[in-house]
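Down below is the structure, laid out as structure tokens.
Note: hydrogens, waters and symmetry copies are ignored here, and every other heavy atom, side chains too, is used. Here is how names work: the chains are called A, B, and so on, in the same order as the sequence lines, proteins then strands, and each is numbered from 1.
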There are 2 protein chains.
Amino acid sequence: MAKRQRRGSQRITMGEVARLANVSPSTVSLYLRRPDEVSPQRAEQIQSAIDRLGYLPNTMAGGLASSRSNVIGVLVPTITNSFFSETLETLERHLRSAGYQLLIGNTEFDVSREEELIRSILSWNPAGLVVTGFLHSRSTLSLLARTRTPIVEMWDFGQPGLDMVVGFSHHACGRLIAEHMLTSGRRRTAFVSTNFQRDVRARDRYAGFRDSVEAAGGTVELCELSGRSDASETGKLTRDLLESHPEIEAIACSNDMVALGVLFECQRQNIDIPGRLALAGFGNLDFTRSTVPPLTTIEPPRREIGQHVARLLLASLEDELAEDEKRLDLGVRLVVRESV
Amino acid sequence: MAKRQRRGSQRITMGEVARLANVSPSTVSLYLRRPDEVSPQRAEQIQSAIDRLGYLPNTMAGGLASSRSNVIGVLVPTITNSFFSETLETLERHLRSAGYQLLIGNTEFDVSREEELIRSILSWNPAGLVVTGFLHSRSTLSLLARTRTPIVEMWDFGQPGLDMVVGFSHHACGRLIAEHMLTSGRRRTAFVSTNFQRDVRARDRYAGFRDSVEAAGGTVELCELSGRSDASETGKLTRDLLESHPEIEAIACSNDMVALGVLFECQRQNIDIPGRLALAGFGNLDFTRSTVPPLTTIEPPRREIGQHVARLLLASLEDELAEDEKRLDLGVRLVVRESV
DNA sequence: GTGAAAGCGCTAACAC
DNA sequence: GTGTTAGCGCTTTCAC
């Protein structure tokens, strides 16, 4: 007797509930979906039958019959990143309370993996789809063009987009940091980035930073970290950078974890921040308030993105949205502390 | 024309593919599930029809008809925590490549929320269920007892469990840290914890730590942080602690983020680590290698948990597992660096 | 307000 | 190897 018998799930059906409650299945169905439309007396019978039997509705059967689902697909580059996971958490909370179930996928910054995931999610006949950014493969685009489910592109802003857009401009983030550093008198700068090849948004922040610095006659040295935001690798890279470019007086980082790595290296080498070197991150992660010195950074609207994505999605499921409601630039805030 | 018409999804059905390919629907179905069992010629016809029409199978219909699903539910306290999100990521990768779709839920450390989520996941008729820890509400337990889907309790070890268990002992973690500190000659200690009331596993680590320290004649001061691992709040708490208990010579933290907050406060106050104070964290987060001084911590098997949960789940879906294969203590590793 | 009947799009026997 | 036939458990008209 190998192969556990996992068919015929033996689960209580709506018909059994109906029989016990002495009503028809369709009344049970109605009770479950719109309780007010059945008489109070039957409602009670039905509810007690449900409780007695421990009935759980079969979502698949319901979805098939109504040819619609309570599923919303969400694709992020990685959930192992507090940026996206906080957006996800907020999104989940708002959407679940409206009766939706999230189907989360990790694209790993890979458009062909994104395509695969979208295919898989679309096969669930989702009520909505949320993807990260504007970068999609050709066939993803045609897949998405053909579907009629509402789509939100999040965590970025500044391109046309497929349907709805909720995010902010990463180029503007880079400029914001650059201007702040320029204001404090720094011209010779470096940008230290993790995941530079895969992450378009990190590249956008770099581009914004570079554009502003160069426009002011400054220089920007780009340093790429090979893997993930490994703080120890950052140490070595920082060492090399400051050795080969002793003129550098400011370092902008692609995120706060990278900045933390740079900071520790400076502590080791007794490099004064911000005296000798200005340092800025991105993300406003919790620890940045208490580093020594506290880290200047940018606060991206992580939670707000989740909240507004949920709002737009829910609204578009109800009504057709006006064109000008479909695009939302949430902006960012420069958090000035003591490291610049 | 309000209310967008979202019914009759207009999607291509298997029947249409069959018609175009000049075969019966069941041959298409067979081709999709076991391609080798249809003749190469028809296979080609079918595939080209699929491509031409852009057919995507309807997962709900398939699931209903076969009364089984490729869904696996996973419940974690919060995905906003690299511990769980790395486990999730690994689990996702392994399970997806075996054709399963994860349904992820956030319990927020709340057993009644967990119950609600389990109810919702069970209504998908999942092939498997993964929950975090052993702590469940009474009705969750009876819900779980009635179902026949395989269940894994992860991230903890040491209790009987419902079905399968993959994790490690948090009590042992606390003891490990304690012994290391005792070895280095510290007797007067404190345990600084975030989320102490909600997180059983943090409490277990505390209990293990306290038991060992007290068995050796030492003392343990417990400090609870109110909210999340807010490093700045940690600073204030550390200040108060060291003021009211100047005798303390070692601090164990419920996780690395808390330890980071303590470390920064010590840098501010010029408290020598490990000279004046020993410090240890939990988690072996990336940055702990490069702090000044590098942080002694514990490496929990985050990725391994995901991997083994997937393996056990997949195995139990195939065959009945022997009792002794159902429980796995992955253990932990003390990462000795320079802070103790 | 309630029930009967007809599917939703697929899978799974079972003939052929 | 392929097609025919019944459902899977629910929702949704539409009578009553």
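- Between B:R68 and C:dA12 there is a side-chain polar atom (N or O) within less than 4.0 angstrom of OP1 or OP2.
- A side-chain hydrogen bond (donor to acceptor under 3.5 Å, both in side chains) with A:Y31 is found for exactly one of A:R42, A:Q45, A:Q47, namely A:Q47.
- Judged by closest nucleotide on DNA chain D, B:V38 is the one of B:A65 and B:V38 placed further toward the 5' end.
- Using a 4.0 Å heavy-atom criterion, one finds that A:S26 contacts the bases of the nucleic acid, with or without backbone contacts as well.
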Can you check nucleotides 14-16 of chain C for protein contacts, nitrogen or oxygen pairs under 3.5 Å, and list what you find?
none

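- Between the C1' atom of D:dT12 and the CG atom of A:L32 lies a distance of 15 Å, rounded to the nearest Å.
- Ion pairing between A:R119 and A:E116 fails under the 4.0 Å rule for side-chain N and carboxylate O.
- Between B:S66 and C:dT11 there is no side-chain N or O to OP1 or OP2 distance below 4.0 Å.
- Salt bridge present: A:E92 and B:R113 bring a charged side-chain N and a carboxylate O closer than 4.0 Å.
- Atom-to-atom, CD of B:E16 to P of C:dC8 comes out at 12 Å; the value is rounded to the nearest Å.
- Proximity of B:V111 to B:T140: side-chain heavy atoms (C-beta onward) are nowhere separated by under 4.5 Å.
- A side-chain donor from one of B:T80 and A:E89 sits under 3.5 Å from a side-chain acceptor of the other.
- Residue contacts shown for B:R42 are limited to sugar-phosphate atoms, with no base heavy atom under 4.0 Å away.
- A salt bridge links B:E323 with B:K326: the closest approach of a Lys/Arg side-chain nitrogen to an acidic carboxylate oxygen falls below 4.0 angstrom.
- Phosphate contact (OP1/OP2 of D:dG9, side-chain N/O of A:T13, threshold under 4.0 Å): absent.
- Counting only heavy atoms from C-beta on, A:S29 has its side chain closest to D:dT12 among C:dG9, D:dG3, D:dT12.
- Nearest-nucleotide positions on DNA chain D place B:L30 closer to the 5' end than the other of A:G63 and B:L30.
- Residue B:N58 has its side chain nearest to C:dG9 when only C:dG9, C:dG3, C:dA12 are considered.
- A donor and an acceptor atom, one from each side chain of A:S85 and A:S82, are nowhere located under 3.5 Å apart.
- In this structure, A:T27 reaches the C:dG3 phosphate: one of its side-chain N or O atoms is under 4.0 Å from OP1 or OP2.
- Within 4.0 Å (heavy atoms only), A:Y31 reaches no atom of the nucleic acid at all.
- The CZ atom of B:R33 sits 13 Å away from the C1' atom of D:dT2 (whole-angstrom rounding).
- OP1 or OP2 of C:dT2 has at least one side-chain nitrogen or oxygen of A:S39 nearer than 4.0 Å.
- For B:R52, the CZ atom counts as loosely surrounded, since its 6.0 Å shell holds 12 or fewer non-hydrogen atoms of other residues, nucleotides or ligands.
- Taking atom CG of B:L56 as the reference point, atom C1' of C:dC10 lies 15 Å away to the nearest angstrom.
- When rounded to the nearest whole Å, the span between CG of B:L64 and P of C:dA12 equals 12 Å.
- Considering only the side chain of B:M14, C:dC10 comes nearest among C:dC10, D:dG3, C:dG3.
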